[in-house]
Enquirer: 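Quick one: this structure, given as structure tokens, is what I'll be asking you about.
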Amino acid sequence: MGRQIAMSAALSGYATIVQDISSDGLEFAEAELESWVAKQIGKNKLTVDAAGAALNRLSFAQDLDRAAADADFVIEAATERLDIKRSIFKCLGTVAPAHAILATNSSTMGSSMVAEASGRADRVCNMHFFNPALVMKCVEVVRHESTSDATVNTVMALASRLGKEPVLIKREIPGFIANRLMGAVQREALALAGAGIASITDIDTTARTALGHPMGPFELMDLVGLDVIDFIARANFAQTGTETDAPNERVSALVAEGKLGRKSGIGFYDYAQCH
Ligand code: CAA
């Protein structure tokens, strides 16, 4: 998601550095964004000049120390592992300018888990985007006990300047708002399919045609990635212990088979054949 968040910032006029420890990851990010920009130009949604200006505001770096050295604002979107996030926040606390706000895009870890490591807990919060980040309007801004009002106001204002519609979550709760709502729909969809009441295709069709959802729950799980869905369930279940939050066996089995959704070509649906 980091590359699409970065592009949103570049399109809104901010000089933005995409940092990743993997050079392959950076190459992939650059290629995807260039291809997205070309399609937007082709659809007359972006002028050649605006696209060029946005791409010029973007740069790519492997070294976090150097990337963060002049940053006013950092949005961390690393893999959902607490040890990795803590080490990133520890490093950012040292190398980023003292005024810089450090936000995490995590959907499963409240920023209180990384705030102390940064040494500037008042300037840390969650800034949670949605997939695909260049398209989805919602940004969940989640404060923890020590996040200052000034930080919250700046993060909300920045999200608005990126063309998003930020919502404020006043205290940390597993799943925030969106994943709690999404989880409820997914649980019911998985239960209906598991009981043989309807096919996944018909359940998805119902969500789209009866409820006006842009995608059905199975299509959405494939888009988000079944590994991510499984991880979110495990993380929430570990925090709440509530039976309804437990990971779903069918999703876990697909993950174990390497069927992760769109990104692996197969999940609930087979993208080689159907899409
Ligand atoms: N990356 C960037 N842009 C994309 C994209 C992608 N992967 N997929 C689609 N788009 C863009 C298209 O370029 C198109 O842009 P324009 O309007 O500028 O032309 C626009 O989205 C619409 O795309 P399409 O016409 O191809 O298809 P669509 O109308 O069916 O929309 C969709 C696709 C935006 C993905 C839509 O189906 C949708 O909104 N789905 C629900 C997505 C959702 O619920 N996301 C939240 C997931 S939960 C999460 O992310 C949080 C978490 O913690 C896991």
Side-chain angles (χ1 to χ4, degrees), residues 1-11 28-47 50-51 54 75-80 85 103-111 126-142 159 162-167 169 172-187 189 204-205 207-209 211-236 239 245 247-248 251 255 260-263 265 267-269 271 274-275:
M1 289 181 80
R3 57 188 179 265
Q4 294 212 1
I5 297 170
M7 190 69 203
S8 302
L11 285 166
F28 183 83
E30 196 165 2
E32 185 193 82
L33 293 178
E34 278 171 2
S35 142
W36 180 84
V37 158
K39 282 191 198 138
Q40 293 300 101
I41 294 171
K43 289 189 273 188
N44 288 327
K45 299 245 167 141
L46 206 54
T47 65
I75 304 172
E76 170 275 320
T79 194
E80 293 281 83
K85 289 189 189 284
T104 172
N105 180 47
S106 180
S107 60
T108 54
M109 288 166 224
S111 64
N126 289 74
M127 186 176 190
H128 180 219
F129 293 78
F130 292 85
N131 246 310
L134 276 160
V135 180
M136 303 307 285
K137 290 279 179 208
C138 186
V139 172
E140 292 178 323
V141 177
V142 191
L162 300 192
K164 304 297 184 190
E165 284 191 34
V167 294
I169 295 160
E172 291 181 344
I173 178 170
F176 309 150
I177 299 174
N179 281 347
R180 292 178 83 88
L181 298 178
M182 186 172 78
V185 173
Q186 286 168 359
R187 251 191 319 276
D204 277 346
T205 300
R208 276 189 271 102
T209 56
L211 305 177
H213 292 191
M215 306 182 129
F218 295 98
E219 294 167 316
L220 183 56
M221 284 189 271
D222 273 356
L223 173 75
V224 170
L226 300 184
D227 51 339
V228 176
I229 297 293
D230 195 47
F231 181 86
I232 290 173
R234 282 173 200 283
N236 287 346
Q239 289 178 67
D245 288 335
N248 177 273
V251 174
V255 174
L260 308 181
R262 283 198 196 185
K263 64 184 162 192
F268 284 108
Y269 293 95
Y271 294 87
C274 306
H275 293 266

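As the structure lists them, so they are numbered: ligands from 1, and atoms in each ligand from 1. Side chains are part of it too, since the values below use all heavy atoms of this structure and drop only hydrogens, waters and symmetry mates.
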Enquirer: Just jot down the side-chain contact (heavy atoms from CB on, under 4.5 Å) partners of Met136, sequence neighbours excluded, or say none.
Expert: Phe130, Pro132
Enquirer: Would you say Lys45's side chain and Lys39's backbone share a donor-acceptor pair under 3.5 angstrom?
Expert: no
Enquirer: Evaluate the side-chain proximity of Ile169 to Asn126: yes if any heavy-atom separation is below 4.5 Å, no if none is.
Expert: no
Enquirer: Quick check on side chain to side chain donor-acceptor pair (under 3.5 Å): which of Glu80, His128, Glu76 does Thr104 satisfy it with?
Expert: Glu76
Enquirer: Please check if the side chain of Asn179 supplies one atom and the backbone of Ile232 the other of a donor-acceptor pair under 3.5 Å.
Expert: no
Enquirer: Is any side-chain heavy atom of Phe176 less than 4.5 Å from a side-chain heavy atom of Val167?
Expert: no
Enquirer: Applying a heavy-atom distance cut-off of 4.0 Å, which protein residues contact ligand 1?
Expert: Gln4, Trp36, Gln40, Lys43, Lys45, Ser107, His128, Phe130, Asn131, Pro132, Val135, Met136, Asn179, Met182, Pro214, Met215, Leu220, Val224, Ile232
